[in-house]
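Each remark here refers to the structure printed beneath this line.
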Amino acid sequence: GAGVSQSPSNKVTEKGKDVELRCDPISGHTALYWYRQSLGQGLEFLIYFQGNSAPDKSGLPSDRFSAERTGGSVSTLTIQRTQQEDSAVYLCASSLKTVNSSGNTIYFGEGSWLTVV
Amino acid sequence: AQSVAQPEDQVNVAEGNPLTVKCTYSVSGNPYLFWYVQYPNRGLQFLLKYITGDNLVKGSYGFEAEFNKSQTSFHLKKPSALVSDSALYFCAVRYGRNTPLVFGKGTRLSVIA
């Protein structure tokens with residue numbers, strides 16, 4: 001597709017339920033990122049996939065959060081046993097391979113708005 | 001640790017006046033600096049970036065930013081603000097390959113007609 005695609009765009013879930021958020025990066029982009037944006041806050045890095053390398057999971061806030069990337073393309077962010085503080089916009093982004101340049105632009109999707117009630 | 005600071009939560013400017021949104025970064029190696037804009041209920045849109053070369057970088061929608069190594073700053077500027085520029089602006093830094101962008105907390109720009 002032309003841009004980074006995320007689904008669902010909006011999700012309301014009950015506390016304690018599991019949720020899955022999907023990201024389809026720009027075709028040909030090997031780097032994929034997940035960020036979280038809470039109300040009134042900046043962007044919090046969650047996890048980063050780069051090609052076949054082990055993902056950088058250093059930003060995941062707890063073991064309830066996990067992500068996978070199948071076939072080097074689509075990624076799924078899973079939040080288990082959701083809590084109210086998980087309510088936020090989850091933004092996915094992608095970029096070209098960064099081996100030669102750390103200046104490659106990162107392109108963002110529109111985000112998945114998660115509300116835990 | 002790499003970080004950026006956006007010292008102003010809110011910037012108000014009259015339409016037609018020049019605008020500046022401030023950003024400073026932590027000193028560590030050679031930074032790659034970015035500006036993004038977020039309109040209400042939307043994702044982030046790339047505006048411009050500094051990688052190397054000229055310190056003055058021009059980007060989308062008439063915006064520009066100047067990399068100032070001595071002041072460790074990368075302020076976003078526009079000569080004449082438009083009401084449609086009202087949005088949330090994020091500065092971000094990256095220091096090396098295979099690292100994610102680190103974002104500032106954002107600055108809300110309001111351009112008043």
Side-chain angles (χ1 to χ4, degrees), chain A residues 2-7 9-10 21 23 25-26 29-60 67 89-113, chain B residues 1-10 21-25 28-54 57 59-60 65 67 74 87-108:
Chain A
V4 177
S5 178
Q6 292 188 245
S7 62
S9 54
N10 284 283
L21 308 176
C23 174
I26 293 172
H29 282 191
T30 58
L32 187 147
Y33 314 77
W34 283 98
Y35 286 83
R36 177 169 70 174
Q37 184 178 21
S38 302
L39 186 62
Q41 302 294 315
L43 273 75
E44 175 188 6
F45 165 71
L46 297 178
I47 188 169
Y48 164 49
F49 296 89
Q50 171 59 290
N52 295 322
S53 302
D56 177 355
K57 303 180 182 180
S58 61
L60 293 178
V89 180
Y90 289 83
L91 292 165
C92 179
S94 71
S95 70
L96 289 169
K97 189 176 183 181
T98 60
V99 170
N100 294 323
S101 173
S102 296
N104 287 333
T105 300
I106 295 176
Y107 296 93
F108 283 81
E110 294 290 298
S112 291
W113 295 67
Chain B
Q2 57 185 14
S3 66
V4 290
Q6 294 182 243
E8 303 156 316
D9 292 335
Q10 174 89 34
V21 183
K22 295 180 180 177
C23 173
T24 59
Y25 61 93
S28 177
N30 296 313
Y32 300 91
L33 294 154
F34 300 76
W35 275 101
Y36 285 82
V37 60
Q38 186 178 37
Y39 296 101
N41 302 320
R42 303 295 301 276
L44 273 71
Q45 295 181 30
F46 168 74
L47 275 180
L48 51 80
K49 64 183 178 183
Y50 171 80
I51 305 303
T52 187
D54 289 342
V57 178
S60 307
F67 173 64
F74 189 58
L88 188 57
Y89 290 80
F90 289 97
C91 182
V93 68
R94 180 184 225 171
Y95 280 95
R97 64 179 65 175
N98 299 327
T99 61
L101 280 180
V102 175
F103 284 85
K105 289 191 176 296
T107 298
R108 187 164 300 281

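All chains are named by letter (A, B, ...) in the order of the sequence lines, taking the proteins before the strands, and each is independently numbered beginning at 1.
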(message) Would you compute the distance between atom CG of A:L91 and atom CZ of B:F103 and round it to the nearest 0.5 angstrom?
(response) 8.5 Å
(request) Evaluate the side-chain contact (heavy atoms from CB on, under 4.5 Å) criterion for residues A:Q37 and B:F90: first the C-alpha distance (whole Å), next the side-chain angles of each, then the deciding distance (0.1 Å), finally the verdict. (result) CA-CA 12 Å; A:Q37 184 178 21; B:F90 289 97; 3.4 Å; yes
(request) Identify the heavy atoms of B:P100 and A:D56 that sit nearest to each other, and give their distance. (result) CD-OD2, 4.1 Å
(request) Would you give the length of the straight line joining atom OG1 of A:T105 to atom OH of B:Y36, rounded to the nearest 0.5 angstrom? (result) 6.0 Å
(request) Kindly indicate, with the supporting measurements, whether the criterion side-chain contact (heavy atoms from CB on, under 4.5 Å) is fulfilled by A:V89 and B:Q38. (result) CA-CA 13 Å; A:V89 180; B:Q38 186 178 37; 5.8 Å; no
(message) I'd like to know which of A:W113, A:Y107, A:F45, A:Y35 tops the heavy-atom pair count under 4.5 Å against chain B.
(response) A:Y35
(message) Counting only non-hydrogen atoms closer than 4.5 Å, does B:N41 touch chain A with its backbone (N, CA, C, O), its side chain (CB onward), both, or neither?
(response) both
(message) To check you understand the geometry: which heavy-atom pair defines the closest contact between A:I106 and B:R94, and what is its length?
(response) CD1-NH1, 4.2 Å
(message) Using heavy-atom distances under 4.5 Å, tell me whether A:L43 contacts chain B through its side chain, its backbone, both, or neither.
(response) both
(request) Counting only heavy atoms closer than 4.5 Å, note whether B:L88 contacts chain A via side chain, backbone, both or neither. (result) side chain
